[in-house]
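To keep things clear, I will list the structure first and then write my remarks on it.
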Amino acid sequence: KLAFVFALFGCTIALRDQSIAVTGTLLCGGKPASEVRIKLWEEDSGPDPDDLLDQGYTDKEGKFRLSGGTAELTPIDPVFKVYHDCDDGVLPGSRKVKFGLPKSYITQGKTPTKTFDIGIVNLETIFKNEEREMIVSKRSLRFRRGGVNEEMDDTAV
């Protein structure tokens, strides 16, 4: 039992905080892709579950910035995901695009000191390995006691 405790303690010490930030602008054709759902993930292979590092929406100009971090034994595998309906017709669900982020932008510590600028991405593009997401959270206003509206979102992946 004691050996197990020391091994577990050693693994805990070996975990290191790592973080990353990503920024950019999303377009749908020649117009800003506003209110588009975006997420920053750390994807793991094997039994360790993926970690959601940050999430949000593009602003009215299609601009965004996400940042976050986690503790891992090995270098993190950061992924930026976009859930959108640009050039999608009437198909159910949303288009889901995944971008792997360069490991050179990973920062040691809880706060990123470097930001990867993904640039301007036109979501009309047909991306290789694009997927469909049937449940994508949308921004909504919920009526709260006292007559105040509160912005709500869910955490669909």
Side-chain angles (χ1 to χ4, degrees), residues 15 17-107 110-157:
L15 289 174
D17 288 323
Q18 302 170 65
S19 56
I20 191 164
V22 61
T23 189
T25 303
L26 302 180
L27 300 177
C28 181
K31 296 181 181 179
S34 62
E35 300 295 318
V36 170
R37 181 76 158 153
I38 51 176
K39 295 184 181 187
L40 180 60
W41 287 90
E42 192 283 315
E43 289 194 339
D44 291 301
S45 56
D48 190 16
D50 295 346
D51 300 308
L52 178 62
L53 305 180
D54 196 9
Q55 62 183 326
Y57 295 86
T58 57
D59 67 14
K60 64 182 179 168
E61 297 173 349
K63 296 179 185 291
F64 66 88
R65 183 179 192 284
L66 296 177
S67 68
T70 188
E72 296 280 332
L73 287 170
T74 59
I76 61 174
D77 293 311
V79 175
F80 173 63
K81 294 182 182 179
V82 179
Y83 306 82
H84 68 96
D85 293 311
C86 178
D87 201 32
D88 200 24
V90 295
L91 294 173
S94 293
R95 295 171 63 190
K96 177 176 146 184
V97 181
K98 181 167 76 170
F99 300 89
L101 302 179
K103 291 191 180 290
S104 60
Y105 286 84
I106 297 170
T107 299
K110 294 184 182 207
T111 306
T113 57
K114 295 190 276 187
T115 300
F116 177 65
D117 186 345
I118 204 164
I120 299 172
V121 178
N122 188 336
L123 296 175
E124 283 183 320
T125 304
I126 311 262
F127 296 93
K128 185 176 179 179
N129 300 323
E130 190 173 298
E131 299 175 18
R132 293 207 64 79
E133 187 73 27
M134 298 312 289
I135 300 173
V136 175
S137 58
K138 302 285 184 195
R139 278 194 180 190
S140 64
L141 293 177
R142 180 179 77 172
F143 187 73
R144 194 170 59 171
R145 189 181 297 187
V148 178
N149 285 325
E150 175 182 59
E151 190 175 296
M152 298 298 294
D153 64 343
D154 64 27
T155 55
V157 291

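Bear in mind that the values here come from a model prediction, so they are computed numbers and not experimental data. Atoms considered below: every heavy atom in the structure, side chains included; atoms not considered: hydrogens, waters and symmetry mates.
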Minimum heavy-atom separation for [X] and [Y], please, with both atom names.
X     : Y      : result
Ser94 : Asp85  : OG-OD1, 3.1 Å
Arg95 : Glu130 : NE-OE2, 2.5 Å
Pro32 : Lys60  : CB-O, 3.5 Å

inquiry  = Can you confirm whether more than 12 heavy atoms, excluding those of Lys110, are under 6.0 Å from its NZ atom?
reply    =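 Not more than 12 within 6.0 Å, no.
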Side chain to side chain contact (heavy atoms under 4.5 Å, CB included) between Asp87 and Leu123, intermediate numbers included = CA-CA 8 Å; Asp87 201 32; Leu123 296 175; over 6 Å; no
request  = For the residue pair Phe80 and Phe64, categorise the inter-ring angle as parallel (less than 30°), tilted (30 to 60°) or perpendicular (more than 60°).
outcome  =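 If you compare the ring of Phe80 with that of Phe64, the planes turn out parallel.
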query = Taking only residues two or more places apart in sequence, or in another chain, which ones meet Pro102 in a side chain to side chain contact (heavy atoms under 4.5 Å, CB included)?
reply =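 Side chain to side chain contact (heavy atoms under 4.5 Å, CB included) list for Pro102, sorted by chain: Ser104, Tyr105, Phe116.
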request  = Check the side chains of Thr23 and Asp117 for a donor-acceptor pair under 3.5 angstrom, ignoring hydrogens and angles.
outcome  =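 No.
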key: Result of checking Gln55, Glu133, His84 against Arg37 for side chain to side chain donor-acceptor pair (under 3.5 Å)   =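 Going through Gln55, Glu133, His84 one by one, the side chain to side chain donor-acceptor pair (under 3.5 Å) with Arg37 is satisfied by Gln55 alone.
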query = Does Glu42 offer a backbone N or O that forms a donor-acceptor pair with the side chain of Asp77 under 3.5 Å?
reply =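 Looks like no, no N/O pair under 3.5 Å.
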message = If you apply the rule side chain to side chain contact (heavy atoms under 4.5 Å, CB included), what do you find for Leu26 with Ile38, and how did you get there?
response = CA-CA 10 Å; Leu26 302 180; Ile38 51 176; 4.1 Å; yes
task = Dump the intermediate steps for salt bridge (Lys or Arg N to Asp or Glu O under 4.0 Å) on Glu43 and Lys98, then the final yes or no.
result = CA-CA 11 Å; Glu43 289 194 339; Lys98 181 167 76 170; 3.4 Å; yes
